Amino acid sequence: MAQNSFFDNENTQFELSYEFLALLKWLVENESENLKKIVARAVRNNFMRNVGTTKNVNAEFVQSSIVDFLELIDTLLLEVSHESRIKKAVEYNLMPAIDQIDTTSCDKSTLQTTLDKATAALEAFPEKNPKDILCAELLKRWKPLKNSQLN
């Protein structure tokens, strides 16, 4: 997913992740009726009232409208993904082990990937010890800084 904005500031090109594009495709294929209901609700609530006339439409309006929509969808995707990770971590009793990880020596991305891999492993092998799986997955991905010291 894009870091801060969907536009690359130098040449104003979109930066969309594969996950984001897959979500859009899935919404079109599986939720067209719900999307239709959202559009119908917008029409009923007179969504054009705040827009004005088509004479006011310019490139800046178009760009900001598209960027606002895409950023909202991207933010919602990130939030739901995070909530799903936490839910799975709770289901597999990984939270006590996660709470013991020193986040100053392990970045968020590594921890997220580790959590995803650990929950996938626990789905496949539910009889395994969750803490052991989490620690093994973390050790596979953790790259300590060269100047970090062991206490």
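Start at 1 with the first residue, then count along the sequence. Side chains included, hydrogens not; waters and symmetry mates left out as well; all remaining heavy atoms used. Since we're looking at a predicted model, the values are computed, not measured.
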What's the separation between atom [atom1] in [X] and atom [atom2] in [Y], rounded to the nearest 0.5 Å?
{"X": "R85", "Y": "L111", "atom1": "CZ", "atom2": "CG", "value": "9.5 Å"}
{"X": "I86", "Y": "L115", "atom1": "CD1", "atom2": "CG", "value": "6.5 Å"}
{"X": "S81", "Y": "L23", "atom1": "OG", "atom2": "CG", "value": "9.0 Å"}
{"X": "E19", "Y": "L78", "atom1": "CD", "atom2": "CG", "value": "9.5 Å"}
{"X": "D107", "Y": "R141", "atom1": "CG", "atom2": "CZ", "value": "12.0 Å"}
{"X": "E123", "Y": "K88", "atom1": "CD", "atom2": "NZ", "value": "4.5 Å"}

Are any non-hydrogen side-chain atoms of [X] and [Y] less than 4.5 angstrom apart?
{"X": "L72", "Y": "D68", "value": "no"}
{"X": "L70", "Y": "F20", "value": "yes"}
{"X": "L138", "Y": "T110", "value": "yes"}
{"X": "Q100", "Y": "P96", "value": "no"}
{"X": "L94", "Y": "I133", "value": "no"}
{"X": "L21", "Y": "S17", "value": "no"}

Going by the rule salt bridge (Lys or Arg N to Asp or Glu O under 4.0 Å), which residues pair with K87 if we only count those two or more places apart in sequence or in a different chain?
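If we apply the salt bridge (Lys or Arg N to Asp or Glu O under 4.0 Å) test to K87, skipping adjacent residues, there are no hits.
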
Before giving the answer on side-chain contact (heavy atoms from CB on, under 4.5 Å), spell out for L134 and I101 the whole-Å C-alpha distance, their side-chain angles and the decisive distance to 0.1 Å.
CA-CA 10 Å; L134 181 72; I101 297 172; 4.2 Å; yes

Are [X] and [Y] connected, step by step, through hydrophobic side chains (Ile, Leu, Val, Met, Phe, Trp, Tyr) whose heavy atoms are closer than 4.5 Å?
{"X": "V90", "Y": "Y92", "answer": "yes"}
{"X": "V62", "Y": "I73", "answer": "yes"}
{"X": "L35", "Y": "W26", "answer": "yes"}

Hey, does the side chain of [X] reach the backbone of [Y] with a donor-acceptor pair shorter than 3.5 angstrom?
{"X": "N129", "Y": "K131", "value": "yes"}
{"X": "T119", "Y": "D116", "value": "yes"}
{"X": "T75", "Y": "E71", "value": "yes"}

Salt bridge (charged side-chain N to carboxylate O under 4.0 Å, His left out) for K140 and E137? Distances and angles first, verdict last.
CA-CA 5 Å; K140 288 178 187 176; E137 293 297 334; 3.3 Å; yes

Suppose the criterion is salt bridge (charged side-chain N to carboxylate O under 4.0 Å, His left out): which pairs have a residue in residues 36-46, not counting sequence neighbours?
none

With K25 via side chain to side chain donor-acceptor pair (under 3.5 Å) - residues at least two apart:
E29

